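Computed from a predicted model, the values in this text were never measured in an experiment.
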Amino acid sequence: MSQRGVSRDGGAAFRDPGQDGMLHRAFLRGTGLGAEDVRRSPVIGIATSASDLNPCNLGTTALVERIKEGVRSAGGLPLAFPTISVSEPFTRPTSLYLRNLLSMDVEEMIAGSPVDGVVLVGGCDKTVPAQIMGALSAGKPAAVLTAGPRMPTSFGRHENFTIDDIWPVCEARRTGEVGDEEWAQLERCAIGGVGTCNVMGTAITMAAVAEVLGFSLPGSSLPPATSDVREELAFRTGEAIVAATRAGRTPGELVSMKSLENAFRAVNALGGSTNAVIHLEAIAGRAGHVLGMRRFSQWSATTPHVADVRPSGRYSLAALETAGGIPAVLNRIRDQVHLDTVTITGRTWKEHLDGRDFPSHPAIAGSVPLAPRGGLVVLHGNLAPRGAVLKVAGAHDERLQRHRGRAVVFEGLADLNARIDDPDLPVDADSVLVLRGMGVIGAPGMPEVGHIPVPAKLRKAGVRDMLRISDARMSGTSTGTVVLHVTPEAAVGGPLGLVREGDEIELDVAAGTIGVVLSPEELARRRSAVPPPQPPRGYAWLHHQHALQADQGCDFDFLRPDFRTRTDAAG
């Protein structure tokens with residue numbers, strides 16, 4: 001039985017010889033399927049997030065048809081169904097605000113539908129973790145096929161223009177360095193087609209996580225969205241889910257402490273997105289595991305950064321694919337990972353890697369890594385008692401990795417937008433920019449606004465990076481010395497909400513610390529003067545009451561398998 005207590009054999013309704021089975025088959029016969037078609041087994045659902053409001057996932061429509069062909073070739077009956085679709089650029093206030101709702105949609109559709117197994121098809125940032133979370137809670141065999149990255153385009157002097165190239169142009173526009181004609185050209189050229197962001201942003205990081213956890217076929221993360229290779233992967237995924245369903249291989253068997261460690265180490269080796277910290281903790285929680293920031297810190301410190309890939313490195317996703325993709329990265333750090341974990345194919349990672357010849361390629365560092373530790377650093381201190389995250393792989397100004405400066409504080413996004421480019425803003429290159437009220441409760445949903453822009457007057461003076469601190473998230477396509485996910489967040493009484501203009505803040509990356517230079521007594525005095533937040537209504541109320549903090553994955557507490565035990569004990 002699954003966590004929900006539903007039978008794994010959900011497609012039995014179509015095989016029933018009585019009235020119920022007859023009606024199930026009759027409805028499908030009405031769509032044009034034949035008598036043999038409706039008696040195929042197993043029945044495989046295909047959860048698709050394709051939507052005109054989600055260009056990153058729109059190309060998956062064609063992939064669904066290829067998955068169906070793969071399922072049929074293996075003897076199964078494929079039945080596609082839609083779920084809500086959550087787009088990072090098009091969803092307000094942020095896609096993370098709806099990630100848990102999408103996971104609930106996926107869970108209910110899998111659990112409540114007469115399917116034996118499911119293929120989860122999606123790509124944009126929060127889609128893949130939400131689908132995995134929902135599948136874990138539903139408990140039926142599940143495979144993942146991600147949308148794949150869109151192809152690079154060209155813009156100006158850039159012949160290989162990718163999503164991370166957009167941000168410097170936007171910054172230059174703010175300071176008058178980009179004119180109207182170039183700005184209009186950027187709109188025409190920035191996005192070259194359907195598919196996810198074409199660097200190691202959150203979407204591709206989570207595709208890699210799905211692959212390492214074992215939900216996706218090895219080597220499936222990087223082929224482009226519109227390539228023949230991705231269509232072939234769709235067909236093979238259809239075949240693989242039939243085999244996995246017949247073997248009874250459930251998501252809970254794929255998500256173990258070993259496989260979760262592998263996934264986080266892979267993220268660090270890749271220089272992947274900070275968002276992976278939140279999503280991995282949420283995925284772990286659905287499987288009944290707790291990772292914790294201390295464990296993340298230990299894994300990061302003992303994993304070398306080896307993938308020299310954009311946005312933190314020099315090479316494209318295509319170059320990383322040529323080097324052997326995610327399997328090659330795992331092979332490079334094989335001494336740090338558990339190769340006995342199983343994939344959707346039923347084979348272990350050791351079986352997939354042994355005997356393969358991975359050619360030497362500059363996109364993956366050889367015996368000398370790009371850095372001896374991983375791309376993500378976990379920080380603690382009186383400013384972040386339960387942790388914060390810095391993508392050190394993207395923090396290129398080493399001067400800032402041990403820094404002390406005076407705080408310039410912004411109370412939310414409206415305040416930031418109103419004052420950041422004010423020529424009278426009391427800021428210099430050593431200042432620490434603080435944006436608060438943008439956490440999972442405060443925003444709500446932790447929008448990707450933590451990459452606070454360098455004030456215009458400093459940018460004009462040549463400043464390109466500053467220490468920035470926020471309880472928000474940041475796009476995986478962004479870089480800079482940006483401390484994120486400060487926990488607890490300001491809106492629930494976290495110390496970030498107590499910082500005042502001019503307070504001194506210290507960062508020491510090597511020591512793993514972030515703090516404000518204030519005594520415990522002064523912090524306590526300031527805290528006593530903060531009024532409690534007022535809860536909203538509707539879904540916002542549900543989110544406000546039940547969303548966990550960033551260090552617990554921002555999932556709803558009642559969706560975790562230990563919720564009933566904890567509430568019963570409390571009662």
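The backbone N or O of S49 lies less than 3.5 Å from a partner atom in the side chain of S85, making a donor-acceptor pair.
Residues T481 and D465 bring a donor and an acceptor atom of their side chains to less than 3.5 Å of each other. No side-chain donor-acceptor contact under 3.5 Å links S220 and R236. A donor-acceptor contact under 3.5 angstrom links the side chains of H352 and T343, judged on distance only.
The salt bridge (charged side-chain N to carboxylate O under 4.0 Å, His left out) analysis of residues 302-325, with sequence neighbours excluded, yields the pairs D164-R310, D165-R310, D308-R314.
Distance CG/L213 to CD1/I283: 6.0 Å, rounded to 0.5 Å. One finds the NE2 atom of H546 at 10.0 Å from the CG atom of L548 (value rounded to the nearest 0.5 Å). A distance of 8.0 Å separates CG in L484 from CG in N275, rounded to the nearest 0.5 Å.
F556 and H543 have perpendicular rings, their planes meeting at more than 60° on a 0 to 90° scale where under 30° would count as parallel.
Here the side chains of H485 and M446 are in contact, with some heavy-atom distance below 4.5 Å. Using a 4.5 Å heavy-atom threshold, the side chains of N100 and F558 count as separate.
The salt bridge (Lys or Arg N to Asp or Glu O under 4.0 Å) search around R386 returns D551, not counting sequence neighbours.
Comment: D340 engages K258 in a salt bridge, judged by a side-chain N to carboxylate O separation of less than 4.0 angstrom.
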